Amino acid sequence: MDMPVNVPVDDPNADTEWNDILRKHGIIPEKPPSPTPLIEEALTEARRLAHENRLEGKDLDELAELEEEEDDEFLEQYRSKRLAELSSIQSSSIYNQVYPIQKPDYARDVTEASKKSFIFVLLTSSQGTNTESRLLIEIWR
């Protein structure tokens, strides 16, 4: 007959040979894994990301100051990475330009082209008296 036996356990989380035997036979639950390796891995990854992204969000003056301090190899890697990003953005853009069109060209340049991609249109008057339109024209250019 299997009768339950009450086994005294001082500390179930202690690393003792007795607790290992009790865990092996399922008397006490398994000890949870130590979070230390996960914490160390997260810290290492955070340091790596902080190092890689330390130039993000800097303006030209701050980058010029850092250029003297930073390693030329790292700056070259950053430049090539950034140029590749800009190249992919530009290659994915179909038109990537602002140009005036007249009424006869509207059907081809706007209506037909909008079936393939988004087209932004800024309607202006020929007199140029609308201040908002003039500002938007400068921003778009």
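Throughout, residue positions are numbered sequentially from 1 according to the sequence presented. Here the structure is a predicted model, which means the values were calculated and not measured.
A donor-acceptor contact shorter than 3.5 Å links the side chain of Ser114 to the backbone of Val110.
Separating the CG atom in Leu86 from the CZ atom in Arg79 is a distance of 13.5 Å, to the nearest 0.5 Å. Considering CD of Glu30 and CG of Leu22, their distance stands at 11.0 Å, rounded to 0.5 Å. Once rounded to the nearest 0.5 Å, the distance linking CH2 of Trp18 with CD1 of Ile28 reads 9.5 Å. Taken from CZ in Arg47 to CG in Leu49, the straight-line distance is 12.0 Å, to the nearest 0.5 Å. Taking CD of Glu85 as the reference point, atom CG of Leu83 lies at 9.5 Å (rounded to 0.5 Å). Going from atom CG of Leu122 over to atom CD of Glu132 covers 11.0 Å, rounded to the nearest 0.5 Å.
With sequence neighbours left out, the side chain to side chain donor-acceptor pair (under 3.5 Å) criterion links Asp105 to no other residue. Lys115 pairs by the salt bridge (charged side-chain N to carboxylate O under 4.0 Å, His left out) definition with Glu112, not counting sequence neighbours. Evaluation of the side chain to side chain donor-acceptor pair (under 3.5 Å) rule for Arg48 yields Glu45, Glu52 as partners, not counting sequence neighbours.
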